[in-house]
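A, B, ... follow the sequence lines: proteins, then strands. Residue 1 opens every chain.
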Amino acid sequence: MTVRRPYANGFALLIHSMPSPLFQPAQAFASRRNSVDLLKMFTETRNLNLGKAINAHLIRAFQLDLIQANYLINLYVKCGQLHLARRLFDIMPERNNVSGNALMAGYFQAGFPLEALGVFKSMDLSQLSGGPNEYMLTTLLASCAEVRALEEGRQCHDHALKSGLVSHSYVRNALLHMYSKCSGMEDALQVFRTIPGFDILALNSMLNGFLEHGQLNYAMEVVSGMVKEVARWDHISYVAVLGLCTDSKDLNLGRQIHSQILRRGVEFSVFAGSAIVDMYGKWGDVKSSRRAFDGLLNKNVVSWTAVMAICAQNGCFEEALKLFLEMQLVGFRPTEFTYAVALNACAGLSALKNGDALNAHAEKSGYKEHLTVGIALINMYSKSGSIDDAKRVFTSMPHHDIISWNSIITAYSHHGLANEALEAFHEMLKEEVPTYVTFVGVLSACAHLGLVDEGFYYLNHFMREVGIRPGVEHYTCMVAMLCRAGLLDEADGFMRYTCVDWDIVAWRTLLSACQVHRNYGLGQKVGEHVLKLDPDDGGTYILLSNMYAKANRWDGVVNIRKLMREKDIKKEPGVSWIQTAILKMVVCGCVDNHEKRKSEKLAPLPSYNLDASVLLRSGF
DNA sequence: TTAGGGTTAG
């Protein structure tokens with residue numbers, strides 16, 4: 001027997017050649033119970049050093065038996081020392097369900113579900129008399145759920161049925177959770193039907209499963225059941241229901257849940273708090289979102305990032321950046337998500353310098369390698385006008401996913417580099433499957449190049465071949481494409497005869513083209529239609545007033561102004577544009593000064609709009 | 001098992 005001394009750190013540097021039995025009946029400790037009691041105590045108090053000392057002692061005295069080793073594994077796991085737990089596990093000549101599950105649960109809870117499954121696979125099944133027990137089965141199922149291992153999950157289900165372990169409620173819940181993550185909800189529903197009564201854990205799993213699969217109606221049914229039958233929800237229920245209210249835009253239910261949380265005094269978990277902040281923000285109610293955030297007792301980097309994201313998504317870019325600074329002042333370090341949101345805010349402001357600074361900041365903190373950050377950088381540089389930097393970020397990224405490809409394709413297209421966009425698209429096809437967004441970029445590039453035939457080929461053949469149904473964004477690109485090629489009547493016909501739920505953006509595309517191509521007849525017709533569609537859209541008035549100004553139609557300009565007054569949309573930023581339109585006419589000599597003064601009475605011109613030379617310089 | 005992010009037409 002070779003025993004090396006001294007044992008480093010008091011821990012066994014074992015001794016693979018040890019003929020064993022390494023595990024001997026206890027003697028040196030007054031009883032094995034003593035050592036077990038000590039190990040339990042040190043586990044509770046997370047006293048790693050004393051645990052190690054006992055470990056060393058037991059080994060020196062050849063007293064370490066299976067049960068003590070299991071307690072030690074548990075102690076190491078609880079102290080976050082997975083490598084020590086693993087080392088001990090690997091040298092144990094005998095193991096059982098408890099040893100396996102202690103290590104597996106350790107890996108799973110530390111976020112390593114694959115390793116947990118690996119431990120199971122490495123175990124000799126003869127050590128597990130009768131296979132995994134209910135504890136190990138639960139850990140196995142949870143790990144399968146995490147890595148979407150449906151086949152292995154089904155094997156666990158078989159075992160649960162054969163062994164009768166399926167009668168344990170936590171095994172059933174774990175099965176339900178596994179199916180809801182890995183397979184369609186039908187399998188989950190079958191398990192759900194075997195669960196008697198109204199189990200909140202099972203209901204949570206069903207709810208989250210339906211939410212994840214986008215089946216909001218079914219999710220709502222589950223919530224109705226919960227409202228009627230379950231008096232006490234847990235935090236997970238609240239978070240899930242808030243998620244449903246966010247997705248389904250159910251303002252009533254969302255507000256009810258929020259006030260219920262406040263009324264019941266349910267302690268605001270940081271999870272539920274962030275979900276509430278997110279919910280109001282996704283409804284577009286930034287004020288309530290901000291108020292909810294300010295009222296949070298528990299904040300963490302996630303809630304800060306959530307409120308920043310809400311600001312940025314609703315156009316409050318400066319606010320988002322202010323929050324980014326504030327968050328760091330109170331001591332939270334940004335994550336890759338936080339950087340992505342902050343970069344997005346810079347993109348919204350075209351704030352190249354701030355974006356550059358954030359780039360350096362992210363690089364220093366080691367977050368630049370993250371896909372999310374790379375994509376946000378591409379977007380920021382592209383929207384700030386620096387396509388070269390966007391390209392540089394893209395080529396220096398360690399990995400590309402479909403979103404990063406979509407980002408660079410869109411960036412090229414926005415910069416009028418349509419050929420580069422199409423090149424990138426074909427390059428992408430070697431690695432990734434295109435998505436809905438990919439074709440928005442591709443078709444917009446075709447529109448820039450006036451490639452009408454190619455555009456229709458992508459729309460009618462390519463997209464269908466890869467199973468993507470074109471949506472209104474794609475069809476709007478087609479309208480823009482026809483318009484760009486000067487085919488306005490064709491664009492008009494395309495819109496009238498294609499069965500698409502056209503939105504204001506699409507109609508405005510055509511209207512704008514009418515203005516550019518001076519097709520005033522069609523423009524007037526389209527304009528009337530667009531005004532009916534949304535009489536409060538300031539942008540339409542801008543386009544129309546510009547068009548009438550170009551057509552020297554003073555009556556048209558005045559009429560637009562009248563309509564704006566009737567609709568009381570003078571607060572729209574477009575108001576100054578009608579004045580600009582009038583001024584343009586004055587500059588061009590279409591309207592004399594008398595008419596101009598008349599117009600000033602109608603709409604007093606702000607001084608910055610009065611300077612005709614500015615307009616002339618701008619190339620009007 | 002619960003919260004936040006990055007790509008979308010004019």
Next on the checklist: Under 4.0 Å, counting only non-hydrogen atoms across every strand here, what does A/Gln109 touch: a base, just sugar-phosphate, or nothing?
Outcome noted: nothing
Checklist entry - Taking atom P of B/dA3 as reference, at what distance in whole Å does atom CG of A/Asp278 sit? => result 10 Å
Next on the checklist: Contact list please: residues 400-410 of chain A against DNA chain B, heavy atoms, distance less than 4.0 Å, in numerical order.
Outcome noted: A/Asp401, A/Ile403, A/Asn406, A/Ser407, A/Thr410
Next on the checklist: Under 4.0 Å from OP1 or OP2 of B/dA9: is there any side-chain N or O of A/His414 that close?
Outcome noted: yes
Checklist entry - To the nearest Å, how far apart are A/Met428 CE and B/dT7 P? => result 18 Å
Checklist entry - Hey, does the side chain of A/Asn344 come within less than 4.0 Å of B/dT7's phosphate (OP1/OP2), counting only N and O? => result yes
Checklist entry - Quick one: do the A/Thr410 and A/Ser407 side chains pair a donor with an acceptor below 3.5 Å? => result no
Checklist entry - Mind checking whether A/Val286 and A/Gln313 have side chains closer than 4.5 Å, heavy atoms only? => result no
Checklist entry - With a 4.0 Å cut-off on heavy atoms, is A/Lys299 in touch with a base, just the backbone sugar-phosphate, or nothing at all? => result nothing
Item to check | Which nucleotide in B/dT1, B/dT7, B/dG4 has an atom nearest any side-chain atom of A/Ile375 | outcome: B/dT7
Next on the checklist: Rounded to whole Å, please give me the gap between CG in A/Leu533 and C1' in B/dG10.
Outcome noted: 15 Å
Checklist entry - To the nearest Å, how far apart are A/Ile276 CD1 and B/dT2 P? => result 18 Å
Item to check | A/Asp199/A/Arg172 under salt bridge (charged side-chain N to carboxylate O under 4.0 Å, His left out): CA gap, chis, key distance, verdict | outcome: CA-CA 11 Å; A/Asp199 183 313; A/Arg172 277 199 302 254; over 6 Å; no
Checklist entry - Of all of residues 201-208 of chain A, which get a heavy atom below 4.0 angstrom from DNA chain B, listed by number? => result A/Leu201, A/Ser205
Checklist entry - Where the side chain of A/Tyr436 is concerned, which of B/dA3, B/dT8, B/dG6 is the nearest nucleotide? => result B/dT8
Checklist entry - Within the structure shown, what part of the strands sits under 4.0 Å from A/Ala309 by heavy-atom distance: base, sugar-phosphate, or nothing? => result sugar-phosphate
Checklist entry - For the pair made of NE2 in A/His370 and C1' in B/dG4, what is the distance, rounded to whole Å? => result 14 Å
Item to check | Nearest-angstrom distance from the residue atom CG of A/Leu296 to C1' of B/dG4 | outcome: 12 Å
Next on the checklist: Is the terminal nitrogen or CZ of A/Lys299 (NZ for Lys, CZ for Arg) located under 6.0 angstrom from the six-membered ring centre of A/Phe332 and within 45° of that ring's axis?
Outcome noted: no
Item to check | For A/Asn344, side chain to side chain donor-acceptor pair (under 3.5 Å) partners two or more places apart | outcome: A/Asn379
Item to check | Closest listed nucleotide, where the reference is the side chain of A/Val302 and the choices are B/dT2, B/dG4, B/dA9 | outcome: B/dG4
Checklist entry - Are A/Asp247 and A/Lys282 within salt-bridge range, i.e. N to O under 4.0 Å? => result no
Checklist entry - Looking for any heavy atom pair under 4.0 Å, which part of the strands does A/Asn300 touch: base, sugar-phosphate only, or nothing? => result base
Checklist entry - Between B/dA3, B/dG4, B/dA9, which one does the side chain of A/Thr338 approach most closely? => result B/dG4
Next on the checklist: Parallel, tilted or perpendicular: which one describes the rings of A/Trp283 and A/Tyr280, with boundaries at 30° and 60°?
Outcome noted: perpendicular
Checklist outcome for this item: Taken to the nearest whole Å, CG/A/Leu377 to P/B/dT7 is 12 Å
Checklist outcome for this item: Looking only at B/dG4, B/dA3, B/dA9, the nucleotide nearest the A/Thr305 side chain is B/dG4
Item to check | Residues forming a side chain to side chain donor-acceptor pair (under 3.5 Å) with A/Ser404, sequence neighbours excluded | outcome: A/Asp401
Checklist entry - With a 3.5 Å cut-off and no angle check, do the side chains of A/Ser205 and A/Asn208 form a donor-acceptor pair? => result no
Checklist entry - Which residues pass the side chain to side chain donor-acceptor pair (under 3.5 Å) test with A/Arg496, sequence neighbours left out? => result A/Asp492
Checklist outcome for this item: Checking B/dA3, B/dG4, B/dT7 against the side chain of A/Phe337 (C-beta onward), the nearest is B/dG4
Next on the checklist: From CE of A/Met463 over to C1' of B/dA9, roughly how many Å is that when rounded to an integer?
Outcome noted: 12 Å
Checklist entry - What nucleic acid atoms does A/Ala145 come within less than 4.0 Å of, heavy atoms only: base, sugar-phosphate, or nothing? => result nothing
Item to check | A/Glu427: partners by side chain to side chain donor-acceptor pair (under 3.5 Å), with sequence neighbours left out | outcome: A/Lys430
Next on the checklist: Under 4.0 Å, counting only non-hydrogen atoms across every strand here, what does A/Thr509 touch: a base, just sugar-phosphate, or nothing?
Outcome noted: sugar-phosphate
Next on the checklist: What's A/Val437 touching, base or sugar-phosphate or nothing? Going by heavy atoms closer than 4.0 Å.
Outcome noted: base
Checklist outcome for this item: From the candidates B/dT2, B/dT7, B/dA9, the one with an atom nearest any side-chain atom of A/Val440 is B/dA9
Checklist entry - Does A/Asn379 make a side-chain N or O approach to OP1 or OP2 of B/dT7 shorter than 4.0 Å? => result yes
Next on the checklist: From C-beta outward on A/Gln313, which listed nucleotide comes closest to its side chain: B/dG6, B/dA3, B/dA9?
Outcome noted: B/dG6
